[in-house]
Amino acid sequence: MFQTKRWNLMNDTTYNQRVINDAAELLKSGSTVAFPTETVYGLGADARNEVAVARIFEAKGRPTDNPLIAHVATKDQLKKLVRVLSPVAEKLIDHFSPGPLTYVLPSNGMCATNVTAGLSTIGIRLPGHPVAQELLKQCDIPIAAPSANISGKPSPTTAEHVWADLQGKIAGLLDGGPTGVGVESTVIDCTQEIPIILRPGGVTREQLEEVIGSVMVDPALANAEDKPRAPGMKYKHYAPEVPLWLVEGSLQDVIDAQGEKIKRIGVMASTETASELQADTIISLGSKKSLNDIAANLYDALRTFKEGDIDLILCETFPELGIGQAIMNRLKKAASEYIMEK
Ligand code: AMP
Ligand code: MG
């Protein structure tokens, strides 16, 4: 058990630098610290230190065959972790980093083997959030960081989410307010001639194709029978406390059909859909017109429905375009049923 230290960042650069320096010292000494990134909060540890990295897996209850992403501040630091950097990978880095894109590249073995789960490749990201940037600069070491939640639960988009899951299990938490993007980074395998999206996320397929031409998508993302290339994608994730049904078609029809069978129904929907519904609890995810808002509000909504208050959550589907691909990927994983209107 830890006395988890919690630092609240403020509008005071000198104060923030001092606090981030304290957090960097903890990381350098082998402890775990959670920090905000532009996607979700990450739980960091020194990526070169096997014992420190093991603390992440223990705190989260994460399966050890699921590799971690190494976070660095600069392209030069990234280069120190890889064997080679192909021209296409370099082009992606120059265009999208810092930002919500993770590159799977040939590892040179600098990071501990539990970071890569023994693979010959390593996932690396340069986060754009100013707190993450400052922390990585002050550490000057690669920081392994998965999302700062208990494995299987929705990822944390606020410090409160991290606190609820990991208080007492980690050394520190930097509270930098809500994250912006709300879903995790896109993971792209750059070891093949044509890069392959292993996980949809903050950078969309359309944005990638504008820069490097055609990219492939791991077939396992569309077909549950295929083995995913990113080990983490085989796990069920983002589970709320209450069963969730993803509904393509009229939510009101499904609510009405349940009648007395299910007592308390909660709904997650766009503002437009929510305004036409009657249910016990309705959480609006934002306007249909802004899938970015829906992504930013998704995990907080999943965490808001508590066992005991609600018996079933219904959620509408969204177009699988742009960030909608990441939203639907997460919702399908969170859902226990996918209901399609005939
Ligand atoms: P998380 O940090 O929880 O957001 O998950 C990171 C995701 O990246 C998981 O799905 C991992 O399986 C995937 N990943 C990390 N490193 C690699 C790698 N070297 N090869 C393939 N997938 C990876
Ligand atoms: Mg995660």
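For reference, positions follow the sequence shown, starting with 1. Counting starts at 1 for both ligands and their atoms, in listed order.
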Numbering the atoms of ligand 1 from 1, which are under 4.0 Å from a heavy atom of [X]?
{"X": "S147", "value": "2 (O), 3 (O)"}
{"X": "R229", "value": "21 (C)"}
{"X": "T121", "value": "18 (C), 19 (N), 20 (N)"}
{"X": "R199", "value": "1 (P), 4 (O), 5 (O), 6 (C), 7 (C)"}
{"X": "G123", "value": "16 (N), 19 (N)"}
{"X": "L119", "value": "18 (C), 19 (N), 20 (N)"}
{"X": "I122", "value": "19 (N)"}
{"X": "I69", "value": "6 (C)"}

To which protein heavy atom is [atom] closest, and what is the distance rounded to 0.1 Å?
{"atom": "atom 13 (C) of ligand 1", "value": "A230 CB, 4.0 Å"}
{"atom": "atom 8 (O) of ligand 1", "value": "V187 CG2, 3.8 Å"}
{"atom": "atom 10 (O) of ligand 1", "value": "G232 CA, 3.4 Å"}
{"atom": "atom 17 (C) of ligand 1", "value": "P67 CG, 3.5 Å"}
{"atom": "atom 2 (O) of ligand 1", "value": "P146 CA, 3.2 Å"}

List the residues meeting side-chain hydrogen bond (donor to acceptor under 3.5 Å, both in side chains) with N114, not counting sequence neighbours, and say none if there are none.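 For N114, no residue satisfies side-chain hydrogen bond (donor to acceptor under 3.5 Å, both in side chains) once neighbours in sequence are set aside.
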For R264, what residues pass the side-chain hydrogen bond (donor to acceptor under 3.5 Å, both in side chains) criterion, not counting sequence neighbours?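 Listed in chain order: D311.
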Is the closest side-chain donor-acceptor distance between E209 and S214 under 3.5 Å? no
Between R62 and ligand 1, which residue portion shows a heavy-atom distance shorter than 4.0 Å: side chain, backbone, both, or neither? side chain
So which bit of D189 gets within less than 4.0 Å of ligand 1, heavy atoms only: side chain, backbone, both or neither? neither
Salt bridge or not between [X] and [Y]? Use side-chain N to carboxylate O under 4.0 Å.
{"X": "E160", "Y": "R6", "value": "yes"}
{"X": "E320", "Y": "K332", "value": "yes"}
{"X": "D46", "Y": "K28", "value": "no"}
{"X": "E241", "Y": "R303", "value": "no"}
{"X": "D94", "Y": "K75", "value": "yes"}

Give me the ring orientation class for H71 and F35: parallel if the planes are under 30° apart, tilted from 30 to 60°, perpendicular past 60°. perpendicular
Please name the residue in the list I124, L92, V104, T121 that meets the side chain to side chain contact (heavy atoms under 4.5 Å, CB included) test with C190. L92
Using a cut-off of 2.8 Å, how many protein N, O or S atoms sit around the Mg ion (ligand 2)?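 Of the protein's nitrogen, oxygen and sulfur atoms, 1 lie under 2.8 Å from the Mg ion (ligand 2).
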So is N66 in contact with ligand 1, going by heavy-atom distances below 4.0 Å?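 Distance cut 4.0 Å: N66 passes for ligand 1.
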Side chains of Y41 and D175 in contact at under 4.5 Å (non-hydrogen atoms): yes
Is the number of heavy atoms from other residues, nucleotides or ligands under 6.0 Å of K289 NZ greater than 12?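 Incorrect, the count does not exceed 12.
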Keeping to residues at least two apart or across chains, list the salt bridge (charged side-chain N to carboxylate O under 4.0 Å, His left out) pairs with something in residues 133-151. none
Taking a hydrophobic cluster as the set of Ile, Leu, Val, Met, Phe, Trp and Tyr residues connected by side-chain heavy atoms closer than 4.5 Å, whether directly or through intermediates, do V217 and L321 fall within one such cluster? no
Any nitrogen or oxygen of V104, side chain or backbone, less than 3.5 Å from one on ligand 1?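 V104 vs ligand 1: no N/O contact under 3.5 Å.
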